[in-house]
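Before any comments, here is the structure.
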Amino acid sequence: MRYPLAFMLAAMCIASAPAKRTHVTWENTGNRDGRAVQRITVTGDCDFSRLCFNSLDNVTPLNPADTIVPIFPGYSAIASPRFTSGIDSLVIELSSPALTRAQNAPDGAHRVNRDGTTEAVDYMRISFTSTAQWADGSRDAMPYGDEIFAINETIRPSAAPGAYDVVPSFKKVNLGDGVLNLPARLTTKLTPMPDGHYRITVGADGITVEAADATTARNAAASFRSQVMRPGVAALPLAVIEDWPDMDYRGMMIDIVRNYQTPDQLHKLLRQMRDLRLNVLHFHFADDEAWRLEMPSLPELTSMASRRGYSLDDADFLGQAYRGDGNPDSYSTTGNGFYTRQEFIDLLRAATDMGITVLPEVESPGHARAAIKAMEHRARTTGDTSYRLIHDGDTSKYSSAQNYHDCVMNPALEGPYKFMGAVFDDLIAMYDEAGAPLPAIHIGGDEVAHGSWNGSDAAKKFMADNGIKDEKGLHAHFVNRIRHMLAERGLKMSGWQEISQVQGDEGLLADQLHSVNFWINTSPANTEAVRRSAQAGCPVIVTNVDYFYFDQPFNKHPEEPGLPWGGYVDDLRTLNGYPRSLYPADIPLAGLSTTLFAETIDGPAMQDRYIFPKVLGAAERAWNNDSTYTDPEFIAVMSERFFPAWERARVDFHVRQPGIKVENGTVTMNSPYRNATIRYTTDGTEPTETSAVYTAPFAANGSADIRARLFINGRQSLTTYTRR
């Protein structure tokens, strides 16, 4: 049968029409008397059975038809008979404790269809822009314009940085007479001098970089080109520069577990680390929420445990944590992904070429939920039970710091040691193939919940048979056995602070420890614990949460991302994290490391904004333990050297806010930088790229809601509000 052309075209349009999407918006309608009302609006296709979110915690539906169904710690569903094909919109309201930070909004939204399949939704969180959303009565932590104005007045630089003002700063710069016109030839030369030392001579006929080894010379040259011989510089003063690090270990820990980051993103970070003379990438690839590195001996670790989605039993993939769209095979979010063996080898080769050691971390015996579930999957699907990390009949009751109840290996079993041995051997093979140094493996060892083995008959018998008094002793047994396993492979052990606090009868032998990250907030009690550990031989790596955890928010602005459980960390906080202000001179310090856990990171741009510019202060303190730049001098180097360089390298970064002072009816604004633009509004709307530019003080004319944002090098700040 033949059909008219118009009929055929109409049929084709119907067949190709996109399916109706589900659109979801979330907003905090306001706080009152310690409670908030969260409003979730669903439009479009409303025919499904559940609407799932991460971080939908401590909520009560206001409509009795709606129910909250817990699925997984931090992962819940809203179920309601109101989800039906008979409507195209509905509103769900939830009562919760007061919400004063946008970070506490739910994320990871997706729908569950009536056949059990999942589907992504278009999800939008409405920003906090009114006082009722971030304040609760007298509780109001917003840094208002007058407070920021006062801060900016103290940190704003008065002059441009000098030709040789870099980060980390040079130890000695001896200026000569005359200048070297650029472009000019730069050569490297091997010269006997102490490890890590180098000399740069800027002479009339060119630039020479000298060091004892090629890697140090090459990295010094790369950093000099990037920071000193940058675009727009026509000449350099003649000089002899001598430089060396105060600490041998200068690290950055990157978590790719909670939210995945691609190899391309880490290669970009490596290049920035090289230019800042950081030399250890602490690679956190395994934790409760996922396993992100291919292990040929145990393929289930990635085939099962690198995938997250809508799972009620963690049988074939893990339950969704932090981010995702419910689909374990979707790569549109940071929920899923892993590094292949070859991708990791390529990363190792790149790092080695830059003089950066990659320190792999295998979290154990706690923070091991992903490994535990993967090995249960292996036992169930292959019949091989020899790698099981737990045993049947264990009735232990515990809750980890992340509220998991099934995340700790059992040290009384042989499975954990066979498992760790296989992982160690796979790692060693990858490092060998890459030609990369592997001085140690970090075993984690932190946050083992109390009661982790109190219901395990195997643990009770093992402890009785081996004279182990308590769970702390069982943890110590695990740490020491793993230490011996590493020593047999010619490797040392690294770990978090807790491994120094669970010493068994053997103690922790100094010659078998590579590094220990001391992370707990600075306090007299913690200082004494660090002192005891150092006296026992632990190489202390300064990693204090209140100075060097980059996942802490920049400040108390409600739209600043991050979890403030350890405080607030900004770019000047890291700069002023002087190691000897944190720990007294009688505690030997082996290094300094930053840390970035990824619970709140939704992609590479956000990871960049957590790291840059906070990393500048940490790099300065790891290289130069003593006082160098003042705050205004540092702000000048940061904004006038690094902001343009990061813009060219497509590295995102955080910028500070403008200040607003209203006095005697006159509005004055200020910037922490010398070369930024401030845009503002006086009608209570949010400033944009087209708003008025601040050039001079102006009359308020009765306006009580003045708002401003700062714009610099293609980036913009959060909004600054006037206090009302």
Side-chain angles (χ1 to χ4, degrees), residues 102 127-131 133-135 140-161 553-561 568 570-573 575 609 612-614 630-644 646-647 652-724:
S127 298
F128 285 26
T129 58
S130 68
T131 306
Q133 292 176 297
W134 64 70
D140 187 351
M142 169 68 81
Y144 284 102
D146 54 347
E147 178 183 342
I148 297 172
F149 189 95
I151 293 171
N152 288 349
E153 287 294 282
T154 66
I155 66 175
R156 179 182 170 86
S158 59
F554 199 88
N555 62 26
K556 294 181 180 180
H557 194 293
E559 286 287 330
E560 281 286 1
Y568 296 84
D570 65 13
D571 42 26
L572 296 177
R573 180 75 169 173
L575 174 70
R609 289 193 296 276
F612 306 98
K614 293 180 185 181
T630 64
D631 288 354
E633 289 170 342
F634 190 72
I635 290 289
V637 176
M638 174 195 306
S639 59
E640 300 178 43
R641 293 281 189 271
F642 284 91
F643 285 5
W646 290 336
E647 183 182 18
D652 213 326
F653 53 92
H654 183 282
V655 297
R656 287 174 169 266
Q657 298 167 235
I660 306 174
K661 182 174 70 172
V662 182
E663 193 171 68
N664 299 323
T666 298
V667 180
T668 306
M669 300 183 181
N670 68 357
S671 165
Y673 316 118
R674 298 189 320 128
N675 52 353
T677 299
I678 300 172
R679 294 183 178 272
Y680 69 94
T681 62
T682 58
D683 60 359
T685 60
E686 291 295 294
T688 68
E689 295 91 338
T690 60
S691 298
V693 175
Y694 175 79
T695 57
F698 60 91
N701 292 327
S703 175
D705 192 354
I706 300 169
R707 307 183 180 194
R709 283 190 177 183
L710 183 146
F711 294 78
I712 185 171
N713 290 107
R715 307 297 185 269
Q716 59 181 285
S717 72
L718 294 177
T719 301
T720 300
Y721 300 87
T722 47
R723 193 183 301 272
R724 287 180 288 159

Measure the [atom1]-[atom2] distance between [X] and [Y] for me, rounded to the nearest 0.5 Å.
X: E686; Y: T719; atom1: CD; atom2: OG1; value: 3.5 Å
X: I148; Y: K661; atom1: CD1; atom2: NZ; value: 14.5 Å
X: N701; Y: T666; atom1: CG; atom2: OG1; value: 9.5 Å

Given the rule in the side-chain contact (heavy atoms from CB on, under 4.5 Å) test, do N555 and D570 qualify, once you have shown the distances and angles that lead to the verdict? CA-CA 7 Å; N555 62 26; D570 65 13; over 6 Å; no
Could you tell me whether the side chains of [X] and [Y] share a donor-acceptor contact shorter than 3.5 Å?
X: R709; Y: S717; answer: no
X: T685; Y: D683; answer: yes
X: N670; Y: E153; answer: yes
X: T129; Y: S127; answer: no

Donor-acceptor contact below 3.5 Å, side chain [X] vs main chain [Y]:
X: S703; Y: T682; value: yes
X: H557; Y: T720; value: no
X: Y694; Y: M669; value: yes
X: Y568; Y: R573; value: no
X: N152; Y: Q657; value: yes
X: T722; Y: I706; value: yes

Over all heavy atoms of both residues, which pair between [X] and [Y] is shortest? Give the atoms and the distance, please.
X: D571; Y: P613; value: OD2-CG, 3.6 Å
X: T668; Y: F149; value: O-CE1, 3.7 Å
X: S671; Y: A676; value: OG-CB, 3.7 Å
X: R656; Y: Y673; value: N-OH, 2.9 Å
X: P157; Y: P672; value: CD-O, 3.2 Å
X: F643; Y: H654; value: CZ-O, 4.2 Å

Ring centres of F653 and W646 under 6.0 Å apart?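 That pair passes the under 6.0 Å test.
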F642 ring center within less than 6.0 Å of F612 ring center: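 For F612 and F642, the ring centres are not under 6.0 Å apart.
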I'd like to know whether R679 forms a salt bridge (Lys or Arg N to Asp or Glu O under 4.0 Å) with E689, so could you lay out the CA-CA distance, the side-chain angles of the two residues, the decisive distance to 0.1 Å, and finally the verdict. CA-CA 7 Å; R679 294 183 178 272; E689 295 91 338; over 6 Å; no
For D146, enumerate each residue passing the side chain to side chain contact (heavy atoms under 4.5 Å, CB included) test, keeping only those at least two apart in sequence or located in another chain.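 So D146 forms a side chain to side chain contact (heavy atoms under 4.5 Å, CB included) with Y144, R723.
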Apply side-chain contact (heavy atoms from CB on, under 4.5 Å) to residues L575 and M638 and explain how you reach the verdict. CA-CA 11 Å; L575 174 70; M638 174 195 306; over 6 Å; no
Using the test salt bridge (Lys or Arg N to Asp or Glu O under 4.0 Å), find all partners of E559 that sit at least two apart in sequence or belong to another chain.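 Partners of E559 by the salt bridge (Lys or Arg N to Asp or Glu O under 4.0 Å) criterion, ordered by chain and then number, come out as R125.
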Check salt bridge (Lys or Arg N to Asp or Glu O under 4.0 Å) between D652 and all other residues, then give those that pass, not counting sequence neighbours.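 R609, R715.
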Stepwise side-chain contact (heavy atoms from CB on, under 4.5 Å) check, T677 with V693: CA-CA 7 Å; T677 299; V693 175; 3.9 Å; yes
Fit a plane to each ring of F698 and Y680, take the angle between them on a 0 to 90° scale, and name the class: parallel (under 30°), tilted (30 to 60°) or perpendicular (over 60°).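 Judged by the thresholds at 30° and 60°, the geometry between F698 and Y680 is parallel.
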State, yes or no, whether a side-chain contact exists between R641 and P161 at a heavy-atom distance under 4.5 Å.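 Side-chain contact under 4.5 Å: yes.
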A side-chain contact here means heavy atoms from C-beta on lying under 4.5 Å apart; do D631 and T154 qualify?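 Heavy-atom side-chain distance check fails, nothing below 4.5 Å.
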